[in-house]
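The block underneath contains the structure these notes are about, expressed in structure tokens.
Excluded from the calculations below are hydrogen atoms, water molecules and symmetry mates; all remaining heavy atoms, backbone and side chain alike, are included. Numbers here are sequence positions counted from 1.
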Amino acid sequence: MAAMQGSAVCKPQFGPWLIEQVESGKYEGLRMIDNDKFRIPWKHNSRRDLGDADVKIFKAWAVVSGKINEHPNDKAKWKTNFRCALHWLKTFEMLEDHSKDPDDQHKVYRIIRPQKSQQWDTGSQQIILSAPSNYYTPPPDQQPYTTAQQWNLPALWDLEISISYRKTEVLKTRLCSPFIQFHYQCDPSELRGQPIRFPSTEGLTDQKQIEYTNRILDSIQRGLLLEVDQYGIYGFRQDDCKVFVSTSDLSEIQSPEARKLDRNTRELLLSFDEYLRDLMDYKENRRGSPDYTIYLCFGQKLLDGKPLERKLITVKIVPLICRELHERAQMEGASSLCNESISLQISHNSLFELINSLGLPSVA
């Protein structure tokens, strides 16, 4: 049992692992055919001539990912899990499908190499890429933008954040950190996460808006601490300034779901497990599109009959991994495009388990 647990912890990430197998020469029919192109044997499970060599690569992934314990003799499951990991990544692109060829069933994929530098398109907006040395940074085994960036994947804590003062977007950034602190005039020694300071009202033209916005900003010291872990995203309000939260769509922002966060209380803003269950139902057309965007309103209620763009200070938080899975679910279940070449195959009870099964970066 201990050995099995150890192998699960040391499970490799799928992308680097697959390339290593392609280059190893240990699998019949699995080989490079060009600098960035390789072929995978892809014989249908119903064929009578299906042999061990035809499913060797699928079984190998089942072994290293720990799924072999769940399906020790199910070749179809091995292939499904392999295909799920392969198509979930943006590292590989299928170029040719010869799976129905009468003599040589295989598929050809291209490796999409990461760019040396990836620029985040923010236009004229401000972007924060790193924190000063006295601020929180993740431990060495949780450094952001390592493997996740290398393989062009969103990590569990990869967030797109924007701040608006009424209709004016004053900041947009992408951060990858398990702790983020929204503040305005906090002493650096009291910052517990990667800081986002609310911008000043310079650039606004409406004098009444400037006056009331500054009143709210002056009431924000330590502000709100945002935390991401394997179960979801949490908020911890630290000031007298009231903060209201909703995960409803902008058109539904006045729904009773919006609530005020209590002070000095760690509160769940978005449950990853609940989101994944809703996404599975959405993919099977059993419910509408699940919400995953978090809206925070500082200093004003959300249930006063005014639309979100009329609020003085709002923060929009988008967990990129939720958006990625949602887009794939839209392409598949919601569009009735489920087939062998496009498959999300969500079969896990939690988002953390799904990430872990693919060997992707997580927060645990």
Side-chain angles (χ1 to χ4, degrees), residues 11-47 49-65 67-68 75-119 145-155 158 320-321 324-325 327-332 335 337-345 354-355 357-361:
K11 178 175 58 182
Q13 294 186 352
F14 180 79
W17 175 86
L18 178 57
I19 293 176
E20 182 180 345
Q21 307 314 304
V22 171
E23 296 174 342
S24 70
K26 297 188 301 182
Y27 304 84
E28 182 179 342
L30 180 69
R31 63 178 183 271
M32 298 294 299
I33 57 177
D34 203 344
N35 288 337
D36 290 323
K37 297 179 184 178
F38 64 95
R39 52 165 285 159
I40 304 177
W42 210 275
K43 187 175 290 186
H44 198 276
N45 291 318
S46 63
R47 291 182 63 98
D49 60 347
L50 183 72
D52 291 340
D54 298 313
V55 297
K56 185 178 180 181
I57 185 62
F58 307 139
K59 182 178 181 179
W61 176 243
V63 171
V64 299
S65 66
K67 293 299 179 181
I68 195 69
K75 297 177 181 179
K77 282 291 186 181
W78 301 344
K79 189 177 183 180
T80 296
N81 290 333
F82 180 92
R83 185 177 65 238
C84 173
L86 180 65
H87 291 139
W88 199 92
L89 294 177
K90 294 180 178 178
T91 308
F92 305 108
E93 175 189 13
M94 188 178 72
L95 301 178
E96 303 172 22
D97 184 353
H98 301 283
S99 59
K100 293 180 173 59
D101 189 289
D103 301 316
D104 184 12
Q105 299 82 38
H106 68 280
K107 293 183 178 183
V108 177
Y109 284 84
R110 179 171 70 93
I111 303 171
I112 302 175
R113 305 287 183 182
Q115 300 295 323
K116 291 184 178 179
S117 61
Q118 297 180 346
Q119 183 176 358
Y145 295 112
T146 53
T147 307
Q149 185 185 52
Q150 179 183 356
W151 296 104
N152 198 25
L153 293 172
D158 203 346
L320 296 183
I321 194 164
E324 174 74 17
L325 292 175
E327 289 174 354
R328 291 176 183 270
Q330 280 185 315
M331 288 190 297
E332 297 180 18
S335 302
L337 292 178
C338 285
N339 54 47
E340 191 175 79
S341 63
I342 305 177
S343 182
L344 186 59
Q345 297 292 340
L354 173 63
I355 292 171
S357 71
L358 296 173
L360 306 180

Open item on the list: What I'd like to find out is whether the side chain of K107 reaches to under 4.5 Å of the side chain of L86, using heavy atoms alone.
Closed with: no

Task: L50 to V55 - nearest heavy-atom pair and separation - done: CD1-CG1, 4.1 Å

Task: Whether D101 side chain and D103 backbone form a donor-acceptor pair below 3.5 Å - done: yes

- [ ] Provide the closest heavy-atom pair for I57 versus Q21 in the form atom of the first, atom of the second, distance.
- [x] CD1-CB, 3.9 Å

- [ ] Please report the shortest heavy-atom distance between M32 and I111, naming the atom on each side.
- [x] CE-CD1, 4.3 Å

TODO: Check the pair S99 / H44 against side-chain contact (heavy atoms from CB on, under 4.5 Å), numbers first and verdict last.
DONE: CA-CA 7 Å; S99 59; H44 198 276; over 6 Å; no

- [ ] Start with the C-alpha gap between H106 and I33, add the side-chain angles, then the distance that decides, and say whether side-chain contact (heavy atoms from CB on, under 4.5 Å) holds.
- [x] CA-CA 12 Å; H106 68 280; I33 57 177; over 6 Å; no

TODO: Look up atom CZ in F38 and atom CG in L95, then write down how far apart they are to the nearest 0.5 Å.
DONE: 9.5 Å

Task: Member of I40, I112, L18 meeting the side-chain contact (heavy atoms from CB on, under 4.5 Å) criterion with F92 - done: L18

- [ ] Look at the rings of W42 and Y109 and say which category their plane angle falls in: under 30° parallel, 30 to 60° tilted, over 60° perpendicular.
- [x] tilted

Task: Donor-acceptor contact below 3.5 Å, side chain K79 vs main chain K43 - done: yes

Task: Ion pair D52/K59, N-O distance below 4.0 Å - done: no

Open item on the list: Show the nearest heavy-atom pair for residues K56 and K26, with the distance to one decimal.
Closed with: NZ-O, 2.9 Å

Open item on the list: Could you report the tightest heavy-atom contact between R47 and P102, atom names first, then the distance?
Closed with: NH2-O, 4.0 Å

Open item on the list: Tell me the closest heavy-atom pair linking G29 and P41, and the distance in Å.
Closed with: O-CD, 3.4 Å

Open item on the list: How long is the straight-line distance from NZ of K37 back to CD of E93, given to the nearest 0.5 Å?
Closed with: 10.0 Å

Open item on the list: Parallel, tilted or perpendicular, judged at 30° and 60°: which one describes the rings of F14 and F82?
Closed with: perpendicular

Task: Atom pair CG/CD of D158 and E324 - distance to nearest 0.5 Å - done: 11.0 Å

